[in-house]
2 protein chains.
Amino acid sequence: MPKGRVMRRNRHPRENVARVEIPDKRYFRIGEVSELAETKPYVLRYWETEFPLLKPTKSPTGHRLYRREDVEMVLAIKRLLYEQGFTIEGARKRLAEEVNGGRTMAPPAAARLETSPLRAIQRELEAILTLLSRQC
Amino acid sequence: MPKGRVMRRNRHPRENVARVEIPDKRYFRIGEVSELAETKPYVLRYWETEFPLLKPTKSPTGHRLYRREDVEMVLAIKRLLYEQGFTIEGARKRLAEEVNGGRTMAPPAAARLETSPLRAIQRELEAILTLLSRQC
DNA sequence: CCGGTTCAAATCCGGCCGTCCCGACCAATT
DNA sequence: AATTGGTCGGGACGGCCGGATTTGAACCGG
């Protein structure tokens, strides 16, 4: 039997991304996010290579673990690309601006945070999470 | 004789489109607009086929006559495409919205992404507690 | 230990967005 | 009128963006 024919590109699913409900879970696997966002897993992986801000943590075996914020980032990206009509580069720039422009803190603090103990702690926590997720 | 070589794409000229001075003339020909906007004439013609709002009048002999508003439209399109990073379709949609909405709607409400590092760490801690409370 | 899921990497490809060419026409200058 | 250079529309061409598919192995819940 002939392989499935070239899939039609479906760039603009009608779904309003803004009103997707994210289930009350802590971690999501790529397949779950894929269904939530109605976006193929390989697209999620591809976006990861294009958007530095999309960085789901990974299990020790390399499987992606999306947290809520990661899922929200996915939805934000999808909105920019499919509803607003940005190119990938445009969306990337826009997201960077939003993160920077979002005055969630005074600039000096933000700059120092990169190398601060806080950051180190965050890394440690991520590592611990990774280890824990192996056993449980 | 070999054909002229493929011209390198130059998608993101550094020039800030916003500060281009439009000379005090009533009509501009395509070559003049081309220089003002640093955009090849064939691109201007192409944009005309893509943007219904870009409609320079034409002389009886078919030559384009751009008025100020047409030139401004060209600059706006260029800004959307090259500075903001919209696709043609996205730019078209955005321009239509601007015309309809009237007032230059500010950058759309920033996606409410929670990016505070403290908040992120708090989430990590919650995650750890959850993991620990389970019998591993 | 089995069936469905996920992985990374390589490869492939449709179509967006120009880019070039062509022969004809127009406008200004000489 | 002739010359020079800008402009016309239409068609062919093409780089590369943004996925889409495949492969073969590893993973994981039940």
Side-chain angles (χ1 to χ4, degrees), chain A residues 2-13 25 27-51 54 56-66 70 74 77-78 80-82 84-93 130 133-136, chain B residues 1-13 27-51 54 56-66 74 77-78 80-82 84-93 134 136:
Chain A
K3 302 295 183 64
R5 263 301 19 94
V6 177
M7 185 176 294
R8 275 284 128 250
R9 214 202 280 226
N10 182 19
R11 301 201 46 157
H12 303 286
K25 291 177 52 177
Y27 286 106
F28 303 83
R29 301 174 61 194
I30 197 171
E32 304 175 292
V33 180
S34 170
E35 285 204 14
L36 280 178
E38 296 191 321
T39 303
K40 299 278 166 60
Y42 55 77
V43 175
L44 295 180
R45 278 186 229 113
Y46 171 61
W47 285 355
E48 226 173 291
T49 70
E50 293 291 338
F51 295 94
L54 179 58
T57 58
K58 298 218 185 167
S59 81
T61 56
H63 286 197
R64 287 163 179 79
L65 297 175
Y66 294 77
D70 296 316
V74 165
I77 290 172
K78 187 182 177 191
L80 287 174
L81 294 184
Y82 296 164
Q84 310 242 71
F86 279 87
T87 63
I88 294 229
E89 181 180 346
R92 186 164 45 221
K93 194 151 58 169
T130 294
S133 73
R134 166 216 290 267
Q135 322 263 343
C136 303
Chain B
M1 178 183 190
K3 301 296 184 65
R5 266 294 26 91
V6 176
M7 184 176 294
R8 275 281 132 251
R9 213 204 276 229
N10 181 19
R11 299 201 48 156
H12 302 286
Y27 288 108
F28 303 83
R29 300 173 64 191
I30 198 172
E32 302 175 295
V33 180
S34 170
E35 286 205 12
L36 280 177
E38 295 191 325
T39 303
K40 298 279 166 60
Y42 53 74
V43 175
L44 295 180
R45 278 189 230 115
Y46 170 62
W47 285 355
E48 226 173 291
T49 71
E50 294 291 338
F51 296 94
L54 180 58
T57 58
K58 298 218 184 167
S59 80
T61 57
H63 286 196
R64 288 166 177 77
L65 297 175
Y66 294 78
V74 165
I77 290 172
K78 187 181 176 191
L80 288 173
L81 295 184
Y82 296 163
Q84 309 246 70
F86 279 88
T87 63
I88 293 228
E89 182 179 344
R92 187 163 45 221
K93 196 151 57 172
R134 274 200 248 152
C136 299

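Proteins come first, then strands; the chains are lettered A, B, ... in the order of their sequence lines, and each starts at number 1.
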Q) Which atoms form the tightest heavy-atom contact between A:Leu44 and A:Ser34, and what is the distance? A) CD1-N, 3.8 Å
Q. Are B:Trp47 and C:dC17 close enough that a side-chain N or O sits under 4.0 Å from OP1 or OP2?
A. no
Q) What are the two closest heavy atoms between A:Phe51 and A:Ala91, and how far apart are they? A) CE2-CB, 3.8 Å
**Q.** Terminal axes of the helix from C:dC1-D:dG30 to C:dT30-D:dA1 (five pairs each): angle between them, nearest 10 degrees
**A.** 30°
Q. Do other residues, nucleotides or ligands put more than 12 heavy atoms under 6.0 Å from A:Glu50 CD?
A. yes
Q: Give the rounded distance in Å between these two atoms: CG of A:Leu81 and P of D:dG18.
A: 8 Å
Q) Rounding to a whole Å, what distance do you find between B:Ile88:CD1 and C:dT19:P? A) 11 Å
Q.
From OH of A:Tyr46 over to P of C:dA10, roughly how many Å is that when rounded to an integer?
A. 16 Å
Tabulate protein N/O versus nucleotide N/O from nucleotides 4-9 of chain C, keeping only pairs under 3.5 Å, one per line.
unit_1: C:dT6; atom_1: OP1; unit_2: A:Gly31; atom_2: N; d: 2.9
unit_1: C:dC7; atom_1: OP1; unit_2: A:Arg64; atom_2: N; d: 2.7
unit_1: C:dC7; atom_1: OP1; unit_2: A:Arg64; atom_2: NH1; d: 2.9
unit_1: C:dC7; atom_1: OP2; unit_2: A:Arg45; atom_2: NE; d: 3.3
unit_1: C:dC7; atom_1: OP2; unit_2: A:Arg64; atom_2: NH1; d: 3.4
unit_1: C:dC7; atom_1: O5'; unit_2: A:Arg64; atom_2: NH1; d: 3.2
unit_1: C:dA8; atom_1: OP1; unit_2: A:Lys58; atom_2: NZ; d: 2.6
unit_1: C:dA8; atom_1: OP2; unit_2: A:Arg64; atom_2: NH1; d: 2.9
unit_1: C:dA8; atom_1: OP2; unit_2: A:Arg64; atom_2: NH2; d: 2.8

Q. Which heavy atom of B:Thr87 sits nearest a heavy atom of B:Gly90, and at what distance?
A. OG1-N, 3.0 Å
Q: Rounded off to whole Å, could you give me the OH-to-P distance for the A:Tyr82 and D:dG18 pair?
A: 10 Å
Q: To the nearest 0.5 Å, tell me how far B:Glu89 CD sits from B:Arg92 CZ.
A: 6.0 Å
Q: Figure out the CD/C1' separation between B:Glu48 and C:dG18, and round it to whole Å.
A: 15 Å
Q) CH2 of B:Trp47 to CD1 of B:Ile88: how many Å apart, nearest 0.5 Å? A) 8.0 Å
Q. Which pair of non-hydrogen atoms, one from A:Ala37 and one from A:Val74, has the smallest distance, and what is that distance?
A. CB-CG1, 3.9 Å
Q. Has A:Tyr42 got a side-chain N or O lying under 4.0 Å from the OP1 or OP2 atom of D:dT21?
A. yes
Q: Kindly give the heavy-atom pair with the smallest separation between A:Glu48 and A:Tyr66, and that separation in Å.
A: OE1-OH, 3.7 Å
